[in-house]
Protein chains: 2
Amino acid sequence: MPQRHTKQRSAIEHIFSRIEGPLSPNEVLERAHEEIPNLGIATVYRALNDMVDEETLRRVDLPGQSSRYERADLKHHHHFHCTKCDRVFDLDGCLLKHDLGLPKGFVVKEHDITLTGSCPDCKG
Amino acid sequence: MPQRHTKQRSAIEHIFSRIEGPLSPNEVLERAHEEIPNLGIATVYRALNDMVDEETLRRVDLPGQSSRYERADLKHHHHFHCTKCDRVFDLDGCLLKHDLGLPKGFVVKEHDITLTGSCPDCKG
DNA sequence: GAAAAGATGCTTATGAATATCAAGAAACAG
DNA sequence: CTGTTTCTTGATATTCATAAGCATCTTTTC
Ligand SMILES: [Mn+2]
Ligand SMILES: [Mn+2]
Ligand SMILES: [Zn+2]
Ligand SMILES: [Zn+2]
């Protein structure tokens with residue numbers, strides 16, 4: 001799978017070089033539009049999928065929401081979703097118990113953890 | 001918001017009285033078809049949403065998958081998703097660390113945890 | 001520079017979930 | 001019961017996120 005150097009691909013990559021937080025495809029499109037006004041959403045989806053395959057990006061799936069994407073080089077962490085302002089926050093470190101006590105035969109490759117509640121700005 | 005007693009609603013409720021595991025709307029439809037051959041998928045979605053509102057059911061959102069539903073009276077637990085056979089297993093107990101070390105001001109209401117890997121039948 | 005190989009941007013298709021609405025079934029009043 | 005009211009249903013249309021198809025435009029290669 002070759003990889004050509006196009007201005008749309010670079011623009012999308014550049015966005016993630018500045019931003020850490022998880023972005024939705026539409027957020028990526030909006031930001032990239034500043035540089036490439038006629039960029040199509042299909043190209044964004046293609047770029048995001050490729051970058052996930054290349055392990056440049058990682059898909060962030062929050063329960064009940066559509067996928068967002070963040071840099072794959074970030075240290076392992078989990079997310080907090082504020083249901084009031086709908087923002088997503090990165091949390092430091094791993095929140096998974098050490099001793100899982102799984103039944104024999106289950107092999108864990110990955111885990112996802114999402115905390116839901118209200119953030120400091122939306123206290124209540 | 002009244003609640004009428006219809007055979008379709010009872011059939012759907014009955015399914016969950018026997019089954020614990022999380023079911024997709026289509027799985028519910030298939031099972032209910034045995035009793036009500038002309039049941040429509042829209043009715044299944046309506047029933048599932050109502051039952052979530054009534055807290056009879058709980059939505060189970062696994063990363064990258066569409067929603068499944070399980071009984072809300074089950075003890076708090078999390079899920080294991082086998083990527084080989086695509087089955088979902090209930091895991092006993094809570095897998096969240098006790099000391100989350102969250103920044104000040106974050107209030108956690110809920111949490112979701114999904115383990116991904118291979119199950120005993122699909123070892124590898 | 002051409003020609004070849006790929007990427008892009010429209011447009012169309014798919015799948016999950018919801019909305020719409022006429023017709024059917026429950027609840028209710030008598 | 002029987003008619004009337006009101007809610008529910010099923011079929012269909014609609015929305016939204018994502019992917020596929022394809023003609024055209026760009027990179028790469030020579
Ligand atoms: Mn993150
Ligand atoms: Mn479960
Ligand atoms: Zn972790
Ligand atoms: Zn838990």
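Fair warning: this is a prediction, and the values are worked out from it, not measured in the lab. A note on names: the letters A, B, ... follow the listed sequences, proteins ahead of strands, and every chain is numbered from 1.
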Verify same cluster id: A:Val60, A:Phe80 (apolar side-chain graph, 4.5 Å): no
Centre-to-centre under 6.0 Å for B:Phe16 and B:Tyr69, is that the case here? no
Is there a chain of hydrophobic side chains (I, L, V, M, F, W, Y, each step under 4.5 Å between heavy atoms) that links B:Val52 to B:Leu74? no
Does a side-chain N or O of B:Gln3 approach OP1 or OP2 of C:dA26 to a distance below 4.0 Å, or not? no
is_close_aromatic(B:His111, A:His81), centroid dist under 6.0 Å: no
Taking NZ, NE, NH1 and NH2 as the nitrogens, is one of them in A:Asp121 or A:Lys84 under 4.0 Å from a carboxylate oxygen of the other? no
Would you say that more than 12 heavy atoms from the other residues, nucleotides or ligands in this model lie under 6.0 Å from the CD of A:Glu13, or not? yes
Quick one: label B:Arg9 by what it contacts on the DNA or RNA (base, sugar-phosphate, nothing), any heavy atom closer than 4.0 Å. sugar-phosphate
State, without any angle test, whether A:Asp92 and A:His77 hold a side-chain donor-acceptor pair at a distance under 3.5 Å. no
For DNA chain D, which residues of residues 12-33 of chain A approach it to below 4.0 angstrom with any heavy atom? A:Pro25
Counting distance alone, no hydrogens or angles: does the base of C:dA5 have a donor or acceptor under 3.5 Å from a partner atom on the side chain of A:Arg4? yes
Ignoring backbone atoms, establish whether B:Thr43 has a side-chain N or O less than 4.0 Å from OP1 or OP2 of D:dG10. yes
Round to a whole Å and report the spacing from CG of A:Asp50 to C1' of C:dA7. 10 Å
Length of the CE-P vector between B:Met51 and D:dT8, whole Å: 14 Å
Spacing of B:Leu115 atom CG and A:Phe106 atom CZ [to the nearest 0.5 Å]: 10.0 Å
Roughly, in whole Å, what's the span from CG in A:Asp53 to P in D:dA19? 11 Å
How long is the line joining NZ of B:Lys7 and P of C:dA26, in whole Å? 6 Å
Short side-chain N/O contact from A:Gln8 to OP1 or OP2 of D:dT26, under 4.0 Å: no
Closer than 4.0 Å, any side-chain N/O of A:Tyr45 to the OP1 or OP2 of D:dA19? no
Closest listed nucleotide, where the reference is the side chain of A:Arg46 and the choices are C:dA7, D:dG10, C:dG9: C:dG9
Quick check: on DNA chain C, is the nucleotide nearest B:Ala42 upstream (toward 5') of the one nearest A:Leu39, or the reverse? Name the residue that is more 5'. A:Leu39
Decide yes or no for A:Ser118 and A:Lys123: does some side-chain heavy atom of the first lie under 4.5 Å from some side-chain heavy atom of the second? no
Answer with base, sugar-phosphate or nothing: what part of the nucleic acid does A:Ile41 contact at a heavy-atom distance below 4.0 Å? nothing
Give the C-alpha distance, both sets of side-chain angles, the deciding distance and a yes or no for side-chain hydrogen bond (donor to acceptor under 3.5 Å, both in side chains) between B:Glu35 and B:Gln8. CA-CA 9 Å; B:Glu35 215 175 315; B:Gln8 20 279 100; over 6 Å; no
Taking only heavy atoms on the protein side, list every residue of residues 59-71 of chain A lying under 4.0 Å from any atom of DNA chain D, sorted numerically. A:Ser66, A:Ser67
Taking atom P of D:dC25 as reference, at what distance in whole Å does atom CG of A:Asn38 sit? 12 Å
Is any side-chain N or O of B:Asn49 closer than 4.0 Å to OP1 or OP2 of C:dT18? yes
